[in-house]
Amino acid sequence: MADFHVLVIGAGATGAALAHDLTLRGFRVTVVERGEVTSGTTGRHHGLLHSGARYAVTDPEAARECIQENRILRRIAQGSFEENDGLFVALDDEDEAFAETFLAACAQVGIPTQVLSPKEALALEPALNPQLRLAIRVPDAVMDAMRLPLRFLATAKRNGARVLPFHEVVGFRFQGRSVVGVEVQDHIHGRRYTLAADLVVNAAGPWAGRVGQMAGVTVPVQPSPGVLVALPRRLTNMVINRLHPPSDGDILLPQRRYTVLGTTAWLSDDPDDLPVPEDHVRRILEAATAMVPAVGQEPVLSAWAAARPLVAAHQNANGRTISRSFLCIDHAEEGVEGLVSVIGGKATTARLMAEAAGDLVTHKMGLHAACRTRETPLLPHTAYWQSAVRSQQ
Ligand SMILES: Cc1cc2nc3c(=O)[nH]c(=O)nc-3n(C[C@H](O)[C@H](O)[C@H](O)COP(=O)(O)OP(=O)(O)OC[C@H]3O[C@@H](n4cnc5c(N)ncnc54)[C@H](O)[C@@H]3O)c2cc1C
């Protein structure tokens, strides 16, 4: 197995989980990342470990994946989550009427729920709007968006993976119609060179389409940016969602001493062009204030945007209607051997995406090695830096 070298493009949640998956299967692995690790979408999301409840009604496949991974990650990455649960709050007639559909959909995909009276919900979360009609408790949690992928990378490095930050893929090397490596620009040393590989996996998130273009293949990724807002104080101890289909500004969560609010969704062709429209920030603040009135008293600490790497859907889709599930693509189907892409999903489902991509890689190489990531505990995130220090000594 160690004779087979797999090169992974992108050190976001997906590339990090994949490096871990492939090293456990015994492959030799190199990860190249154009910036610092997690500098793409992964380092900028809310940090919500989804229970899947948000998607249960509109996107049951993604919901099923989320609840499965929520359970696995709590097991293999103990200590990485604030296991505080989430509340979906009903504020008006429409929300209240949605409760029945929501509960049935959660039950259908195996997400445990608990209906709380206003009094019970306020006892748990005194900052909630006292006019709430009811709340539904689900196993959401909060994670550190950067440290969880670092744990995947730390474990992969300990198992032999090479991680090269500030190495941007600028072209592909071919033998006939087979990819045999990539051309990288090393931004640290200002040099360009070729890295040979038996197989390349494009895990470049919202940039996966651009990376695919360099190899002459089509990757159906649809960048879908969204805005996030941080407040300088922790207002709740639980994740708060509005009890309605996914919409703008309906998530509020505590991140250590801060509060993060999100989000909006639109479609874009350029994941590097991420404006933060004023009206999005305003809409997010209004929607969050309806759930937690104290939001309206707080100054904005910062606001930023990130682009989801969604799987492109039908023509009339928008950033809300495209599924949060994922796709692995073998580009041999369009005549290019030795190249696989993995797109879509959530940070919550990165391990599952890596399992599917790892299965495809193993199958393509005609090998047999089962995925072991479901049971393998991850090293702490600090081990990522420890192994970096060790390798410099
Ligand atoms: C506003 C918003 C909020 C979200 N909130 C949540 C949440 O709370 N919970 C959750 O589970 N999910 C959330 N998501 C989804 C989640 O953030 C993404 O699905 C996930 O981070 C994508 O990870 P990735 O590794 O596929 O992509 P990325 O993290 O973008 O990684 C791809 C990497 O490839 C690198 N790259 C690109 N081109 C090249 C190249 N040529 N050479 C080398 N490297 C290259 C990039 O620099 C980048 O680091 C949110 C997304 C958005 C937009």
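Because the structure is predicted, anything quoted here is derived from the model rather than measured. Counting starts at 1 for both ligands and their atoms, in listed order.
At the shortest separation from atom 31 (O) of ligand 1 among protein heavy atoms lies G12 CA, 3.5 Å. Closest protein heavy atom to atom 52 (C) of ligand 1: R308 CG, 3.7 Å. The protein atom (non-hydrogen) at minimum distance from atom 40 (C) of ligand 1 is V169 N, 3.7 Å. Counting only heavy atoms of the protein, atom 4 (C) of ligand 1 lies nearest to H45 CB, 3.3 Å. The protein heavy-atom contact nearest to atom 37 (C) of ligand 1 is W207 CB, 3.5 Å. At the shortest separation from atom 43 (C) of ligand 1 among protein heavy atoms lies R34 N, 3.3 Å. Protein heavy atom in closest approach to atom 9 (N) of ligand 1: L48 O, 2.8 Å. Protein heavy atom in closest approach to atom 33 (C) of ligand 1: E33 OE1, 3.5 Å.
Residue G345 approaches ligand 1 through these ligand atoms, each under 4.0 Å from one of its heavy atoms: 19 (O). Remark: ligand 1 atoms within the under-4.0 Å shell around heavy atoms of K346 are 10 (C), 11 (O), 12 (N), 13 (C), 14 (N), 15 (C), 19 (O). Each of the following atoms of ligand 1 lies closer than 4.0 Å to a heavy atom of G10: 33 (C), 34 (O), 35 (C). Using a 4.0 Å cut-off to heavy atoms of H167, the atoms of ligand 1 that qualify are 43 (C). Close approach of ligand 1 to G47 (heavy-atom distance below 4.0 Å) involves ligand atoms 8 (O). The distance from ligand 1 to the heavy atoms of A306 drops below 4.0 Å at these ligand atoms: 53 (C). Of all atoms in ligand 1, listed by their number and element, those nearer than 4.0 Å to a heavy atom of T263 are 1 (C). Atoms of ligand 1 lying under 4.0 Å from any heavy atom of V32, numbered from 1 in the order shown and given with element: 43 (C), 44 (N).
Salt-bridge check for D330 with K364: passed, with a basic side-chain N closer than 4.0 Å to an acidic carboxylate O. Of the charged side-chain nitrogens involved, none lies within less than 4.0 Å of a carboxylate oxygen, so that R28 and D198 do not count as a salt-bridged pair.
Considering both main-chain and side-chain atoms, G40 comes within under 3.5 Å of ligand 1 through a nitrogen or oxygen pair. For a threshold of 3.5 Å applied to N or O pairs, the pair formed by T348 and ligand 1 contains at least one separation below that value. Inclusion of A347 in the set of residues having an N or O under 3.5 Å from an N or O of ligand 1 is warranted. Checked against a 3.5 angstrom limit, the closest N/O atoms of H46 and ligand 1 fall inside it. Inclusion of T38 in the set of residues having an N or O under 3.5 Å from an N or O of ligand 1 is not warranted.
Residue L228 touches ligand 1 through its side chain alone, judged by heavy-atom distances below 4.0 Å. Counting heavy atoms closer than 4.0 Å to ligand 1, residue A203 contributes backbone atoms (N, CA, C, O) but none from C-beta onward. At a heavy-atom cutoff of 4.0 Å, ligand 1 is contacted by the backbone of A307 but not by its side chain. If you look at T41 next to ligand 1, the close heavy atoms, those under 4.0 Å, come from the backbone and the side chain alike. If you look at H50 next to ligand 1, the close heavy atoms, those under 4.0 Å, all belong to the side chain. No part of I251 comes within 4.0 Å of ligand 1, judged by heavy-atom distances.
Residue pairs satisfying the salt bridge (Lys or Arg N to Asp or Glu O under 4.0 Å) criterion with at least one member in residues 58-72, sequence neighbours excluded, are listed as follows: E69-R351.
Here the straight-line distance linking atom CG of L164 with atom NE2 of H187 works out to 12.5 Å at 0.5 Å rounding. Atom CG of L134 is separated from atom CG of L132 by 7.0 Å, given to the nearest 0.5 angstrom. To the nearest 0.5 Å, the span separating CE on M353 from CG on L327 amounts to 9.0 Å.
More than 12 heavy atoms of other residues, nucleotides or ligands sit less than 6.0 Å from atom CD of E286.
At least one heavy atom of P206 sits less than 4.0 Å from an atom of ligand 1. Using a 4.0 Å cutoff on heavy atoms, R44 does not count as a contact of ligand 1.
The residue from V211, T42, V37 that puts a heavy atom closest to atom 23 (O) of ligand 1 is T42. Between P309, A13, P149, it is P309 that holds the heavy atom closest to atom 22 (C) of ligand 1. Relative to atom 26 (O) of ligand 1, the option among L274, V8, T14 with the closest non-hydrogen atom is T14.
There is a side-chain donor-acceptor pair under 3.5 Å between H280 and T264. Residues T30 and H5 bring a donor and an acceptor atom of their side chains to less than 3.5 Å of each other.
Listed here is the closest heavy atom pair of H244 and S247: NE2-CB, 3.8 Å. Looking at every heavy atom in both residues, L339 comes nearest to A215 through CD2-CB, 3.6 Å.
Relative ring orientation between H20 and F152 is described as tilted, the plane-to-plane angle lying within the 30° to 60° band. Between F102 and F88, the ring planes are tilted. Angles from 30° to 60° get that label.
Between the E96 side chain and the R133 main chain, no donor and acceptor come within less than 3.5 Å of each other.
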Exercise for the section: Go through the steps for D248 and R242 under the test salt bridge (charged side-chain N to carboxylate O under 4.0 Å, His left out), then give the verdict. Expected result: CA-CA 10 Å; D248 287 353; R242 183 85 182 250; over 6 Å; no

Exercise for the section: Output, in order, the C-alpha distance, side-chain angles, deciding distance and verdict of salt bridge (charged side-chain N to carboxylate O under 4.0 Å, His left out) for R256 and E82. Expected result: CA-CA 9 Å; R256 297 199 180 85; E82 194 179 338; over 6 Å; no

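By the rule that hydrophobic residues join a cluster once side-chain heavy atoms approach within less than 4.5 Å of another member, L235 and V142 end up as members of separate clusters.
Side-chain contact between M143 and S80 is absent, with no heavy atoms from C-beta onward closer than 4.5 Å.
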